[in-house]
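Accompanying notes for the structure given below.
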There are 2 protein chains.
Amino acid sequence: MISHTEENYLKAMFGFMDEQGEITVNELSKHLSIKMPTVNGMMKRLSEKGLVHYESYKPLKLTEEGKKLAALVIRKHRLTEMYLVEKMGFGWEEVHIIAEQIEHIQSPEFFDKMDELLGYPQHDPHGSPIPDKGGKIKSRKLVRLAECAPEDTVILAAIADSSEELLKFLNHRNLKLGTELTVESIESFDKSMVIKTSTDKSQVLSNLVTEKLLMEKE
Amino acid sequence: MISHTEENYLKAMFGFMDEQGEITVNELSKHLSIKMPTVNGMMKRLSEKGLVHYESYKPLKLTEEGKKLAALVIRKHRLTEMYLVEKMGFGWEEVHIIAEQIEHIQSPEFFDKMDELLGYPQHDPHGSPIPDKGGKIKSRKLVRLAECAPEDTVILAAIADSSEELLKFLNHRNLKLGTELTVESIESFDKSMVIKTSTDKSQVLSNLVTEKLLMEKE
DNA sequence: TATATTTGTTAGTTCAAACAAACTTATTAC
DNA sequence: GTAATAAGTTTGTTTGAACTAACAAATATA
């Protein structure tokens, strides 16, 4: 059996690891706001359980089993977020905190039922992929809006960092998943961008925002 | 803030206390399957927090605040059970275990939303009353089927002990909340009862079962 | 009433998960 | 290439929530 706390560590490792699948104790500590000695101790425990490859002074890696378990926690989180939005009428900016708690419920039937009632969704309300029951993640190739060039027409497909503030800002600007927009110009000084959707008039987005918007190119 | 564990103690105290609102350390220990010293220690902590009246060698009582908190945990549990049955399609025998976990979620909005989507239900799927947001419980006067006499016509209104086995048995016998039945005879030897509903042929219920069925008299 | 049994309490232990302090190893800068 | 800084580790403490062993109080029984 795996504890609530252990699930949180695995999820964080999976979510914040680099391209090689590695993360340092220090980075993990910062992301979790838990002091390094505590993280270090937990890594030894997870290593005992066969979920983490741990070697002194080396970056951490998840084992295959660790990766699968982490993906299944993420699955529970994202299914819950989707359920809260689609079936209970919550806003996409409200669901993260609730899902953080519900993701630890131990009941496969409960999450299977959500999945079924939702019609087996591929993505959560922020566009992040929902891992399948085997822990496999189907990821799309998306580009940050910041990388796009003037004249590009792209569709908002996902939000890189789903903080409440950013999501509220997007509500305010009437930018939703699926919204098509065209880049009109980029200010070279601060990389702010003027964009245009079919429904609203042109608007400026700061680089801080365009870095977080993940777009699909046709 | 109140912990998951503390919530469970309060809920158990509230649920198992006697008519005077009292319960002994020993009884509580048995209901929770937690050893007496642990229970005793927790009672001292809850007493520090002003939730329990604790005096050495005397039976335990909840304070007014303790009672309210306990009722609010029970509210979360019963709303969840109702939601799982009505909105997610679970059977009434499946929901207790899941609700035991979800009742500890800290999110008033989440439970308010359930309440709203359910249309502010008065009872859970087993007929138990759902406390209101102030912790007040509206209880009906119900009689055990075992107390009824031949010729009595009564309606199944609640199940005293909602164990999975009993609920499955009732499924099997096609007895649901709201089912009207007439007592045809009682066997004095073992107090088993012959009953008849409008839809099925007469059936025998053992005293073990009739003690658990709570009926409404017209 | 004296004894036995049940119930309640105290003291001390364990484990998980957090912390701080102090130390070691690795990396960066001069 | 050594000193300074950053990162990682070890050791020991704390708190919550469980346990056992041992003792004390209350109740039941002979």
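Every chain is numbered from 1, with letters handed out A, B, ... down the list of sequences. From a predicted model like this one, the values you see are computed outputs, not experimental measurements.
Counting to the nearest Å, the C1' atom of C:dG8 and the CE atom of B:M36 are 5 Å from each other. Taking atom NE2 on B:H104 and atom P on D:dA17, their separation rounds to 12 Å, with Å as the unit. One interatomic measurement links the two molecules: CE of A:M43 to P of C:dA16, which rounds to 15 Å at whole-angstrom precision. Taking atom CE of B:M42 as the reference point, atom P of D:dG16 lies 9 Å away to the nearest angstrom. Taking atom CG of A:N40 as the reference point, atom C1' of D:dT10 lies 9 Å away to the nearest angstrom. If you measure from atom CG of A:N8 to atom P of C:dA17, you get 11 Å, rounded to the nearest angstrom. As rounded to whole Å, 13 Å separates atom C1' of D:dG8 from atom CD of A:E27. The distance between atom NZ of B:K30 and atom P of C:dG8, rounded to the nearest whole Å, is 9 Å.
Classification of B:E48 and B:K44 as a salt-bridged pair fails, no side-chain N sitting under 4.0 Å from a carboxylate O. Under 4.0 Å is where a charged nitrogen must lie from a carboxylate oxygen, and between B:R78 and B:E81 no such pair does.
Of the side-chain N and O atoms in A:R45, none sit less than 4.0 angstrom from OP1 or OP2 of C:dC15. Dashed line: the shortest gap from a side-chain N or O of B:S3 to OP1 or OP2 of D:dG16 is not under 4.0 Å. Close to D:dA6, at under 4.0 Å from its OP1 or OP2, lies no side-chain N or O of A:Y57. Neither OP1 nor OP2 of D:dG8 sits under 4.0 Å from any side-chain N or O of A:S56. For B:Y9, no side-chain nitrogen or oxygen approaches OP1 or OP2 of D:dG16 to under 4.0 Å.
Of the listed nucleotides (D:dA7, C:dA18, C:dG8), D:dA7 has the atom at the smallest distance from the side chain of A:N26. Listed candidates were C:dT10, D:dC19, D:dA7. Nearest to the side chain of B:K35 is D:dC19. Comparing C:dA17, D:dT9, C:dT9 by their nearest atom to the side chain of A:E6 picks out C:dA17. Closest to the side chain of B:T5, out of D:dA17, D:dA7, C:dA20, is D:dA17.
Under a cut-off of 6.0 angstrom, the local environment of CG in A:L208 is sparse, with at most 12 non-hydrogen atoms contributed by other residues, nucleotides or ligands.
For the side-chain hydrogen bond (donor to acceptor under 3.5 Å, both in side chains) test with B:K11, the passing option among B:H77, B:E6, B:H104, B:E100 is B:E100; the others fail.
For B:T38 and A:T24, each mapped to the nucleotide of DNA chain D holding its nearest heavy atom, the one lying further toward the 5' end belongs to A:T24.
Rounded to the nearest 0.5 angstrom, A:H31 NE2 and A:N26 CG are separated by 9.5 Å.
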